[in-house]
Amino acid sequence: MDKYKRGLVWLRRDYRLVDHAALKEALNQCEQILVAFVFDTNILNKLKKEDQRISFIIDSLRCVDQELSQYGSRLIIRHGAPEEKIPEIITTYTVDALFFNRDYEPYAKSRDKKVQEAIPIPVYTYKDSVIFEKDEVLTKDGGHYKVFTPYKNQWLSKLNQEVMKPKSSSNHHFLPVSEDSSIHENRWFELLGFSITQSFLPGGRPHALQQLNKFKSKIQSYHIERDFPDLNHTSNISPYIRFGCLSIRELVMFALHYPSEGADIWLSELIWRDFYQMIVATHPNCHIESVKPAYDLIEWEGHDEDFMAWCNGQTGFPIVDAAMRQLNTTGLMHNRCRMIVASFLCKTLLVNWRKGEAYFAEKLLDFDFASNNGGWGWASSSGCDAQPYFRIFNPTSQSKKFDPDGRYIKTYCPELAHLSSKEIHDPPPIDGYPAPIVDYKLNRQRALAMYSVVKG
Ligand SMILES: Cc1cc2nc3c(=O)[nH]c(=O)nc-3n(C[C@H](O)[C@H](O)[C@H](O)COP(=O)(O)OP(=O)(O)OC[C@H]3O[C@@H](n4cnc5c(N)ncnc54)[C@H](O)[C@@H]3O)c2cc1C
């Protein structure tokens with residue numbers, strides 16, 4: 001087949017030039033290529049003006065731009081609706097084929113459809129952000145799995161060298177681009193209407209690699225230490241995975257490089273990620289309907305004031321408050337704590353889990369629609385392979401078990417710093433710290449009654 005003269009690679013959640021499926025194919029199929037990113041106003045207009053992800057994205061794009069400039073090109077950056085900006089770039093640069101990696105989220109799918117309809121050139125899309133797409137790991141009857149463990153076993157049985165092979169090309173014939181996107185200047189924050197004074201976490205591939213490097217000494221004992229928020233023994237790689245500063249293939253290869261129980265469990269977490277991507281791809285309405293529809297019949301009894309106390313880390317339950325304050329001040333939260341606060345919101349405060357899902361979506365640096373929806377579905381019992389509805393985390397027992405000395409709590413709730421390991425999980429009245437806003441035992445009974453509509 002003749003090569004295209006000029007191909008455009010559109011970056012969306014894959015901010016790297018290494019092991020990148022769409023880029024590899026574009027380099028193979030085109031004489032010259034250019035790489036573009038659109039700050040999507042459909043998304044940006046809904047964000048708070050201090051949203052930390054903008055800073056992370058700008059850092060990451062800077063790294064891509066720097067790398068492209070080594071090949072004599074630049075990253076083309078636009079600000080607007082992709083269905084307008086991508087056609088404009090195609091016209092300006094007389095592009096004759098568009099390449100991008102597939103994204104399975106509901107909004108992304110409708111965005112990509114609009115872009116494809118707006119352009120008169122061929123569009124090529126690729127699997128890149130998952131190891132297996134929805135129809136690649138199927139039950140014996142050809143259906144989609146609803147339970148994780150058999151999905152994982154089938155996933156593992158399909159993993160081979162071919163799937164893992166890096167998607168890289170040795171040809172780097174990028175189009176010399178003269179426009180200066182000036183991503184190196186702070187003007188991008190102004191242009192986008194954001195004001196970020198200090199960033200929680202630097203974005204970009206070099207930082208992602210550093211982070212992964214730090215995890216080398218922890219992966220083999222991951223299975224023992226991962227559940228203790230104070231130990232910081234997880235990889236902390238999620239924002240870099242979310243924005244594709246590393247490829248998922250690199251991460252699976254990393255896990256396989258350290259054969260051990262720890263690495264096996266860590267690999268399982270990456271498989272959970274693929275599982276939730278599959279659930280989203282097979283439940284296109286999961287942003288508005290529960291995966292288990294009966295759960296949409298629940299009449300939530302919780303109050304707005306309690307939801308606000310939860311958001312602000314002022315519930316009087318120290319482990320919950322510490323976790324919410326970690327989220328508010330760092331954009332991240334340890335996985336064990338995500339499970340605790342999510343369960344607490346819907347099964348102790350009796351607040352609709354969709355509100356918590358939306359709050360996480362607003363605050364998390366690693367916010368990923370599929371993993372977030374899956375995590376909330378698990379905690380609220382409304383998702384696939386979720387907790388049974390009658391399993392309700394007791395925040396005090398969780399706290400004693402996973403933060404026995406209260407070190408995590410004390411990091412984020414300094415007003416409790418003087419308490420002993422015994423007192424910290426259920427503190428006596430303290431000036432400047434709220435008393436518990438609800439009675440756990442009473443609300444446990446109320447939750448069971450509230451959830452009873454889903455029985456049968
Ligand atoms: C209510 C709730 C909401 C969540 N929202 C998100 C989200 O928006 N974005 C997100 O990336 N993760 C989400 N998670 C999953 C998990 O909490 C984070 O991936 C993890 O805490 C990130 O820390 P880490 O990189 O140190 O993880 P590690 O423990 O080192 O795990 C490695 C990677 O595996 C993946 N992973 C780990 N656990 C899960 C999981 N349960 N589900 C899917 N993928 C997983 C992540 O990509 C993670 O970076 C959520 C979990 C819950 C319970």
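First listed ligand is number 1; within each ligand, the first listed atom is number 1.
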Exercise for the section: Compute the centroid of each ring, for Trp188 and then for Phe39, and state whether the two points are separated by less than 6.0 Å. Expected result: yes
For Leu270, the atoms of ligand 1 under 4.0 Å from one of its heavy atoms are 33 (C), 34 (O)
Ligand 1 to Met339, heavy atom cutoff 4.0 Å, flagged ligand atoms 53 (C)
A student comparing Trp272, Phe360, Phe369 should find that the heavy atom closest to atom 40 (C) of ligand 1 comes from Trp272
Between Asp296 (side chain only) and Glu289 (backbone N and O only), is there a donor and an acceptor less than 3.5 Å apart? no
shortest atom 2 (C) of ligand 1-to-protein heavy-atom contact is with Gly375 CA, 3.7 Å
for atom 36 (N) of ligand 1, nearest protein heavy atom and its distance come out as Glu269 O, 3.5 Å
Within the distance-only criterion (no hydrogens, no angle test), does the side chain of Arg53 pair as donor or acceptor with the backbone N or O of Leu364 below 3.5 angstrom?
yes
If you scan protein heavy atoms around atom 3 (C) of ligand 1, the nearest is Asn372 OD1, 3.3 Å
_Whether Arg336 engages the ring of Phe402 as a cation-pi pair (distance to the six-membered ring centre under 6.0 angstrom, angle to the ring normal within 45°) should be assessed._
yes
Should we count NZ of Lys400 as having more than 12 external heavy atoms under 6.0 Å?
no
Exactly one of Asp112, Val115, Val123 clears side chain to side chain contact (heavy atoms under 4.5 Å, CB included) with Ile86, and that residue is Val115
Looking at Tyr222, Phe367, Tyr276, Trp266, the heavy atom closest to atom 42 (N) of ligand 1 belongs to Tyr276
For this session: For this output row, return yes or no: ring centroids of Phe344 and Trp310 closer than 6.0 angstrom.
Result: no
Arg273 heavy atoms within 4.0 Å reach ligand 1 at atoms 43 (C), 44 (N), 47 (O)
When distances are taken from atom 30 (O) of ligand 1, the protein heavy atom at minimum range is Ser235 OG, 2.5 Å
Numbered in order shown, the ligand 1 atoms found under 4.0 Å of a heavy atom of Ser238 are 11 (O), 22 (C), 23 (O), 25 (O), 49 (O)
Here the atoms of ligand 1 under 4.0 Å from any heavy atom belonging to Asn236 are 24 (P), 25 (O), 26 (O)
If you compare Ile219, Asn335, Asp366, Ile241 by their heavy atoms, the one closest to atom 47 (O) of ligand 1 turns out to be Ile241
Under 4.0 Å between heavy atoms, the region of Asp368 that gets near ligand 1 turns out to be both
Residue, atom and distance of the protein heavy atom nearest atom 13 (C) of ligand 1 read Arg338 NH1, 3.3 Å
Residue, atom and distance of the protein heavy atom nearest atom 43 (C) of ligand 1 read Ser371 OG, 3.5 Å
- Give a yes or no on whether the backbone of Met333 and the side-chain of Arg338 come within a donor-acceptor separation of less than 3.5 Å. yes
Which class fits the ring pair Phe275 and Trp272: parallel under 30°, tilted 30 to 60°, perpendicular over 60°?
perpendicular
Per-atom filter on ligand 1: closer than 4.0 angstrom to a heavy atom of Leu364 are 5 (N), 7 (C), 8 (O)
Are Tyr240 and Phe56 an aromatic pair by the rule of ring centers under 6.0 Å?
yes
